[in-house]
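Here the structure is a predicted model, which is why all the values come from computation and not from measurement. Just so it is clear: chains get the letters A, B, ... in the order the sequence lines come, proteins before strands, and each one is counted from 1.
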2 protein chains.
Amino acid sequence: MTTRPPRPRERGIPEATVARLPVYLRALQALQDRGTATVSSEALAGAAGVNSAKLRKDLSHLGSYGTRGVGYEVEYLIYQISRELGLTQDWSVAIVGIGNLGRALANYGGFGTRGFRIAALLDADPEVVGRSVASLDVRHIDSLEEVVRTKGVSIGVIATPAGSAQGVASRFVEAGVTSILNFAPVVLNVPDGVDVRKVDLSIELQILAFHAQRRADGDGQTHRSGLEVT
Amino acid sequence: MTTRPPRPRERGIPEATVARLPVYLRALQALQDRGTATVSSEALAGAAGVNSAKLRKDLSHLGSYGTRGVGYEVEYLIYQISRELGLTQDWSVAIVGIGNLGRALANYGGFGTRGFRIAALLDADPEVVGRSVASLDVRHIDSLEEVVRTKGVSIGVIATPAGSAQGVASRFVEAGVTSILNFAPVVLNVPDGVDVRKVDLSIELQILAFHAQRRADGDGQTHRSGLEVT
DNA sequence: CCCACTTTGTGCGTGCTTTCACAAGCACGT
DNA sequence: ACGTGCTTGTGAAAGCACGCACAAAGTGGG
Ligand SMILES: NC(=O)c1ccc[n+]([C@@H]2O[C@H](COP(=O)([O-])OP(=O)(O)OC[C@H]3O[C@@H](n4cnc5c(N)ncnc54)[C@H](O)[C@@H]3O)[C@@H](O)[C@H]2O)c1
Ligand SMILES: NC(=O)c1ccc[n+]([C@@H]2O[C@H](COP(=O)([O-])OP(=O)(O)OC[C@H]3O[C@@H](n4cnc5c(N)ncnc54)[C@H](O)[C@@H]3O)[C@@H](O)[C@H]2O)c1
């Protein structure tokens, strides 16, 4: 049993950096809308709510796209980050579970403002199947495999009750979808090579409660910073 | 080294641990519903999708609540985690922006399954104000301060368009709310001592896209693990 | 009472993240 | 051409987080 090189540093952009790139991208787009042509790391970091050294190091992972003494060209940087994130291509998204949340997601216009296209809506309830939501017909969950194939779905969104989520996830995987966004409050079990991310309202509230209680108790400044980012 | 310095471990549970406690809690509740009385770190870790050593270390921050050779008593551990997270008290939540998302949130039954009570819904649109959503009357945003005061709101949820989010956040802060959950895709600026957390669908999708592209490109196993947890 | 067995709690090495601090690089004015 | 001033890109240090591996602590059988 040889423990072989756990050295996947290859072209690796740190995960923490990847998670911040979309934030930078949004800040840059806001600047662009306002007509700004170039921006310093200091200013962009301010807009993104991070430390400027962190911003510079993050961007340095993509390449040297800044000009010393000047800053970064907004348009060029937007392009580079978009390319790195894979937003220059189109991503086809399928949403399963067209209930309260699924409908909100389907109706959400500025979906990703770029690159993401909702290709299909699926549900199991006969009452829901066949209806039109956000200009799309809700298809029956049984046609998931077909829909994935014909629409070229590459990202699956799960908005079903917790009990159904694992089943839906497995079917997504079976159908070849390797990126899943899960809104159901369960731990999904998927094979290696499949990427699952979760969004969990309840967890966020509980974390807020923890900090709030901490603040109320000893009232030492035990919590992180108070100045958090979005 | 010194083995037993009387170390009151009160201060400082690592942030990473805090973020996982709600996941453990949910797994424990599922076990309890199934009638399980005790559970080993191995089993609980499996249910929570984490490494068992990590689970044990996380729990050790709360105290020594396990029994060697046996495991953890489910009910007792649920109580301890709940207490640590502040779920033994009630939290009053106000949601601002009763659009697609706000309505979904308001109608979401298993809100936190414990501790969180939606106390008020607020909106600026005359069309929406006055309507009844999830058995609550939608109030006008102008009464935010009054509502916070009379209902004892301690957590504010922002589900307005991006452009309105900062204004709403400031009013929350002004009214004394120090915990904010933000769904709008903007970086909120708040004073120290105010805790803001964000939920951002678009960012999650972009992170998924990044990994998906990475997988498609070099196809070396450059991404983290593929086996992610929920 | 002792021993075999199970499982916790944690010391420790490793690698990732953040932050500081500054040399290097570029623009621009003279 | 060259100095001045500003901003980037990055070593280096410090701080966290993770997970292995094992001693300590408890259980149960003989
Ligand atoms: N509504 C919210 O604000 C909110 C917030 C956080 C988390 N969540 C989670 O999101 C999920 C959806 O919440 P919701 O409020 O929209 O619930 P919902 O009950 O309104 O909708 C669930 C939908 O999923 C469909 N469904 C059930 N089983 C299915 C299956 N096997 N295949 C396909 N479709 C199936 C149902 O027919 C229904 O239309 C839940 O897991 C919930 O815990 C919701
Ligand atoms: N719908 C989704 O699935 C989704 C997903 C991710 C993020 N978001 C974000 O969540 C937010 C809400 O999305 P939505 O789809 O519900 O939008 P929406 O337009 O349906 O609803 C927004 C609501 O906020 C109200 N509002 C506007 N300004 C206000 C103010 N100053 N005070 C009080 N209320 C105000 C509007 O009247 C409206 O009812 C947006 O920022 C959006 O980007 C939505």
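Counting heavy atoms from C-beta outward, A:Gln206 and B:Phe116 have side chains that approach closer than 4.5 Å. Proximity of B:Ile13 to A:Phe210: side-chain heavy atoms (C-beta onward) are separated by under 4.5 Å at one or more points.
Between B:Arg56 atom CZ and D:dA25 atom P there is a gap of 16 Å when expressed in whole angstrom units. Taking atom CG on B:Leu59 and atom C1' on D:dC18, their separation rounds to 15 Å, with Å as the unit. The distance between atom CG of B:Leu44 and atom P of C:dT7, rounded to the nearest whole Å, is 14 Å. A:Tyr76 places its OH atom 16 Å from the P atom of D:dT8, with the value rounded to the nearest Å. Rounded to an integer number of Å, the gap from NE2 of B:His61 to C1' of C:dG11 is 13 Å. Nucleotide D:dT8 holds its P atom 17 Å from the NZ atom of A:Lys54, rounded to whole Å. When the P atom of D:dT10 is taken as reference, atom OH of A:Tyr65 falls 12 Å away, rounded to whole Å. Separating the CZ atom of A:Arg20 from the C1' atom of C:dT17 is a distance of 8 Å, rounded to the nearest angstrom.
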| Annotated protein contacts, base or backbone, on nucleotides 25-30 of chain C with a non-hydrogen cut-off under 4.0 Å, one of B, S, - each | BBS---
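Separating the CG atom in A:Leu85 from the CG atom in B:Leu208 is a distance of 11.5 Å, to the nearest 0.5 Å. Atom CD1 of B:Ile95 and atom CG of B:Leu105 lie 5.0 Å apart (nearest 0.5 Å).
Residue A:Ala16 places its side chain closer to C:dT17 than to any other of D:dG19, D:dT10, C:dT17.
Axis orientation changes by 0° from one end of the helix from C:dC1-D:dG30 to C:dT30-D:dA1 to the other, with each end axis drawn from 5 pairs and the value rounded to 10°.
When heavy atoms are screened at a 4.0 angstrom cut-off, A:Ala53 is found touching base atoms of the nucleic acid.
Side-chain atoms of A:Gln80 and A:Arg83 include a donor-acceptor pair closer than 3.5 Å.
The phosphate of D:dC20 has OP1 or OP2 within less than 4.0 Å of a side-chain N or O from B:Asn51. Look at B:Ser41 and you'll find a side-chain N or O under 4.0 angstrom from OP1 or OP2 of C:dT8. Between C:dG9 and B:Tyr72, a contact under 4.0 Å exists linking OP1 or OP2 to a side-chain N or O. Contact annotation: B:Ser40 side-chain N/O to C:dT7 OP1/OP2 distance is not under 4.0 Å.
Within the structure, the salt bridge (Lys or Arg N to Asp or Glu O under 4.0 Å) test picks out no pair touching residues 44-54 of chain B (sequence neighbours left out). Sorted by first and then second residue, the salt bridge (Lys or Arg N to Asp or Glu O under 4.0 Å) pairs involving residues 170-185 of chain B (not counting sequence neighbours) are B:Asp142-B:Arg171, B:Glu145-B:Arg171.
Between A:Glu84 and B:Arg214 a salt bridge is recorded (basic side-chain N to carboxylate O distance below 4.0 Å).
Judged by closest nucleotide on DNA chain C, B:Lys57 is the one of A:Pro14 and B:Lys57 placed further toward the 5' end.
A:Tyr79 meets the ring pair (Phe, Tyr, Trp, His ring centres under 6.0 Å) test with no other residue; sequence neighbours excluded.
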Anything under 3.5 Å between a donor and an acceptor, one on a side chain of residues 154-165 of chain A, the other on a protein residue two or more places apart or in another chain? List them.
none

